[in-house]
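Below is one structure, written out as structure tokens; comments come after it.
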Amino acid sequence: MTTRHTAALGALTVAALTSTLLTSPALAADGDPLRIHDIQGSTRLSPYAGEEVREVAGIVTGVRTYGSRGFWFQDPEGDGSAATSEGLFVFTGSAPTVQPGDEVRVTGTVGEYYYGGRDGGNQSVTQISRPEVTVVSSGNPIPAPRTLGSRSVPSAYAPEGGADGGIEDLELRPSRYALDLYESLEGSNVRVRDARVAGPSTQYAEMWVTVKPRQNPTAGGGTRYGGYDEQNPGRLKVESLTPLAEEPFPAADTGDTLSGTTEGPLDYEQFGGYYLAARELGALEDGGPEREQTREQRRRELAVATYNVENLDPGDDQEKFARLADGLVTALASPDIVALEEIQDNTGPEDDGVVAADETVAKLIDAVVAAGGPRYAWRGIDPQDKQDGGQPGGNIRNVFLFNPERVTFVDRPGGDATTATDVVERRGRATLTHSPGRIDPTAAAWEDSRKPVAGEFRFRGRTVIVVANHFASKGGDQSLHSRFQPPSRSSEEQRLLQARSVNAFVKDVLQVQRKADVVVLGDINDFEFSATTEQLTDGRVLRSAVYALPECERYTYVYDGNSQVLDQTLVSPGIRRFDYDIVHTNAEFADQVSDHDPQVLRFRP
């Protein structure tokens with residue numbers, strides 16, 4: 001199973017670590033042993049964190065023998081309050097010896113565990129650690145599950161935080177907010193029935209489903225993230241408690257159905273938030289999703305595409321090159337110009353000072369020819385070693401492929417890793433001083449990030465300037481399920497600077513030639529509704545082509561069960577008419593050669 005669960009006690013609260021100093025266990029107000037709902041309380045934090053509790057009673061509902069080892073147990077009676085969970089996790093640190101259906105009494109220390117550490121902004125898991133467990137009886141009925149469905153899960157996602165944005169101290173309102181509902185069921189036995197898959201299964205043996213299939217549906221059967229207030233509360237991750245050696249996890253594509261009943265404890269961790277730890281996993285029903293293919297460009301149409309090839313280097317197996325090539329030839333119909341992102345150097349992640357990527361690109365070009373496509377030519381600029389971010393040692397960069405039978409690349413020498421290209425007028429046209437050339441590569445906006453590369457092309461006598469981009473990642477942002485609401489997006493600051501830089505370059509082009517044909521495209525790492533896109537399009541010098549598509553088609557990436565736009569194509573006002581297509585070949589599928597979908601723009605310059 002996934003190795004992303006950790007069990008280090010260092011992330012427990014300080015109060016929990018000092019619990020050994022306590023001399024008497026906590027008791028309920030009537031002097032009886034505490035019950036699970038007393039420990040859970042009606043907020044996200046236990047009122048007994050750091051205290052020792054004794055003889056807490058419940059029925060085991062699930063056992064986890066991997067990662068953060070332990071078990072869940074649940075009070076079969078409860079207190080009747082919707083805000084207090086009747087389930088709780090017991091961290092054992094080693095493989096538990098209890099089984100579902102065991103009636104147990106647990107003595108130990110209550111704590112709040114933060115996966116990834118408290119500074120990461122995640123919510124905590126209330127648990128008992130350093131346990132002493134007594135099995136009273138076995139074979140008892142497991143407490144009836146709470147069904148999560150379209151009606152039971154609220155449409156509102158999260159409450160708004162207090163002065164510091166935090167929601168931990170707020171009283172839970174499970175009938176109003178989905179995050180509150182999930183927290184009120186933390187550790188409890190839950191189930192979903194006939195749930196549609198909203199995010200494909202991953203290498204970590206997990207998948208995303210939605211219990212609200214009619215909420216912001218995509219054409220492929222997923223759930224679209226179309227705004228910061230559209231978090232899609234019906235999303236829920238599913239993992240299996242059965243070790244993979246005993247039962248392989250199903251390979252699920254978006255649009256499939258996890259049919260029947262999936263049942264087990266509701267848990268929380270940093271990668272995705274609340275999830276169903278399935279003691280019983282439903283059967284996967286094939287929804288029949290098919291990989292898309294776009295149409296071929298017409299003779300007078302210029303086809304410009306972009307594709308994030310996910311850390312491509314010569315050390316990747318030939319199958320990856322062959323599948324990427326087939327995507328270019330078949331799915332994208334051999335576009336005239338392709339902006340590639342995440343091309344690594346010739347030695348890939350080996351940190352050896354190599355920055356050239358000619359072997360990487362040549363291997364892809366040969367694969368395209370073998371797949372029946374054109375022999376592309378290419379242009380790019382080698383970065384300085386370790387200056388462009390990405391996988392350490394990989395030196396990823398943006399590269400142009402182009403079909404020399406259809407397009408001419410205008411070479412203007414002098415561009416290198418630190419030399420900026422500018423815009424000059426030649427015979428009434430906006431042209432580049434260096435082609436290929438980087439845009440403002442030494443500016444702070446591009447520190448430890450991929451620099452955009454601009455290229456000047458000629459098609460049927462017309463000049464087209466194309467800018468390939470890969471903006472800074474979203475690393476460091478708080479998650480949608482964060483304990484701070486709304487979550488902060490700290491990574492946006494650098495992308496705003498990057499968008500301002502590219503926008504200024506396009507303004508320079510249009511100042512020289514008002515109706516110049518400019519295409520700005522690539523992995524923008526931000527949404528079509530984001531402030532980054534607003535800055536890119538400032539002054540109406542660009543518009544995002546994604547708005548030409550129906551809402552249900554607007555996605556290039558699937559993250560935590562949300563289908564969303566991260567890759568964009570933007571055009572200058574001179575390109576009045578175009579045909580734009582996001583070709584859904586990867587993001588929705590478990591068997592993907594990249595985690596991004598490519599896209600293609602066709603127009604007549």
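Residues: numbered from 1 along the sequence shown. The basis for the numbers below is simple: all heavy atoms, side chains too, and nothing from hydrogens, waters or symmetry mates.
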Minimum-distance pair of heavy atoms, taken over all atoms of [X] and [Y]:
X: A516; Y: S572; answer: O-OG, 2.8 Å
X: T433; Y: A420; answer: OG1-O, 4.4 Å
X: E310; Y: D595; answer: OE1-N, 3.2 Å
X: S334; Y: G373; answer: OG-CA, 4.1 Å
X: S491; Y: G475; answer: CB-O, 3.7 Å

Can R224 and E528 be said to form a salt bridge (Lys or Arg N to Asp or Glu O under 4.0 Å), step by step? CA-CA 12 Å; R224 191 179 74 90; E528 74 275 26; 3.5 Å; yes

Less than 4.5 Å apart, any side-chain heavy atom of [X] and any of [Y]?
X: V600; Y: Y307; result: no
X: E425; Y: T431; result: no
X: D523; Y: F471; result: no

Please determine, by modelled atom types, if [X] and [Y] share a side-chain donor-acceptor pair under 3.5 angstrom.
X: S201; Y: E206; result: no
X: T556; Y: D597; result: no
X: N122; Y: Q270; result: no
X: N216; Y: N232; result: yes
X: T210; Y: R196; result: no
X: Q387; Y: D448; result: no
X: E341; Y: N398; result: no
X: T418; Y: R438; result: no
X: Q568; Y: S544; result: yes

Step through the shown structure and confirm whether more than 12 heavy atoms of other residues, nucleotides or ligands are within 6.0 Å of [atom1] on [X].
X: Y559; atom1: OH; answer: no
X: R460; atom1: CZ; answer: yes
X: D119; atom1: CG; answer: no
X: Q318; atom1: CD; answer: yes
X: R298; atom1: CZ; answer: no

For the rings on [X] and [Y], is their centre-to-centre separation under 6.0 Å?
X: Y580; Y: F603; value: no
X: F529; Y: Y225; value: yes
X: H584; Y: Y555; value: yes

Note: [X]-[Y] ion pair, threshold 4.0 Å (strictly below):
X: R235; Y: D560; answer: no
X: R450; Y: D388; answer: no
X: E301; Y: R295; answer: yes
X: E269; Y: K237; answer: yes
X: D411; Y: R379; answer: yes
X: D316; Y: K363; answer: no
X: D382; Y: R397; answer: yes
X: D517; Y: R604; answer: no

Stepwise side chain to side chain contact (heavy atoms under 4.5 Å, CB included) check, Q535 with L497: CA-CA 9 Å; Q535 183 59 64; L497 294 175; over 6 Å; no

Look up atom OG1 in T421 and atom CD in E456, then write down how far apart they are to the nearest 0.5 Å. 8.5 Å

Separation between OG1 of T218 and CG of N562, rounded to the nearest 0.5 Å: 10.5 Å

Checking K451 side chain against S449 main chain: does a donor-acceptor pair fall under 3.5 Å? yes

Using a 3.5 Å distance criterion without hydrogens, assess whether the side chain of Q498 forms a donor-acceptor pair with backbone atoms of A445. yes

Evaluate S490 against D477 for side chain to side chain contact (heavy atoms under 4.5 Å, CB included), listing each step before the verdict. CA-CA 5 Å; S490 58; D477 288 3; 3.8 Å; yes

Quick one: which of N395, T347, N346 gives a side-chain contact (heavy atoms from CB on, under 4.5 Å) with V355? N395

Applying side chain to side chain contact (heavy atoms under 4.5 Å, CB included) to S594 and V309, what does each step give before you reach the verdict? CA-CA 6 Å; S594 169; V309 293; 5.8 Å; no

Criterion side chain to side chain contact (heavy atoms under 4.5 Å, CB included) on I465 and V509, from CA distance to verdict: CA-CA 9 Å; I465 294 175; V509 174; 4.1 Å; yes

With F409 as reference, evaluate Y376, F457, F459 under the ring-ring contact (aromatic ring centres under 6.0 Å, His included) test and give the passing residue. F457

